[in-house]
Amino acid sequence: MKTLELLGIIGSVVTVGIALGAVIIGSNDNLHAELRTEMQELRAEVRTEVRELRADVHTEVQELRTEVSTDMHALEMRLSSVERRLAKFEGLLEGLRDAIAAQGRADPRAESPA
């Protein structure tokens with residue numbers, strides 16, 4: 001009887017081991033499926049956030065381009081104004097130089113080295 005009892009115990013242990021193995025494998029498969037699902041959800045969330053971030057960055061870049069364009073236009077206008085004033089000033093200096101040179105020729109003291 002001892003052999004039969006021993007064989008029964010061994011059979012029970014083997015059966016319990018097989019059952020536990022099946023439970024562990026089943027749980028492992030479920031865990032993998034849950035992890036796969038969660039990873040897919042996280043990927044979808046990240047993709048959505050990246051799209052939103054890209055849209056935000058695109059909007060910011062467009063706004064910056066508009067601001068820079070406006071500032072450049074204003075700077076061009078100011079530079080144009082400075083160029084006009086500088087040309088006017090150069091004309092005045094040339095006129096003044098010509099007037100001084102003409103006055104020097106008309107002065108008799110300037111011609112005679114007495």
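Please read these numbers as outputs of a predicted model, since none were measured by experiment.
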### From His32 atom NE2 to Ser27 atom OG, the distance as rounded to the nearest 0.5 Å
11.0 Å
### Residue pair Arg43 / Gln40, side-chain donor-acceptor N/O under 3.5 Å
no
### Side chain proximity check, Asp29 to Ile25, heavy atoms < 4.5 angstrom
yes
### Query
If you measure from CG on Leu75 to OG1 on Thr70, what distance do you get to the nearest 0.5 Å?
12.5 Å
#### Entry: Residue pair Arg54 / His58, side-chain heavy-atom distance below 4.5 Å
no
### Query
When hydrophobic residues are tied together by side-chain contacts of less than 4.5 Å, even through go-betweens, does Leu42 share a cluster with Val50?
no
### Query
When you check the side-chain N and O atoms of Ser81 and Arg85, is any donor under 3.5 Å from an acceptor?
yes
### Any donor-acceptor N/O pair, Thr37 side chain to Ala33 backbone, under 3.5 Å
yes
### Task
State the CZ-CG distance between Arg36 and Leu31, to the nearest 0.5 angstrom.
10.0 Å
### Query
Could you give the distance from OG1 (Thr59) to CG (Leu64), rounded to the nearest 0.5 Å?
11.0 Å
### Separation between CG of Asp56 and CZ of Arg51, rounded to the nearest 0.5 Å
14.0 Å
### Task
Calculate, to the nearest 0.5 Å, the distance between atoms CD and CZ belonging to Glu90 and Arg97 respectively.
11.0 Å
### Message
Side-chain heavy atoms nearer than 4.5 Å, only ILVMFWY residues, links allowed to pass through others: does that put Val13 and Leu4 together?
### Response
no
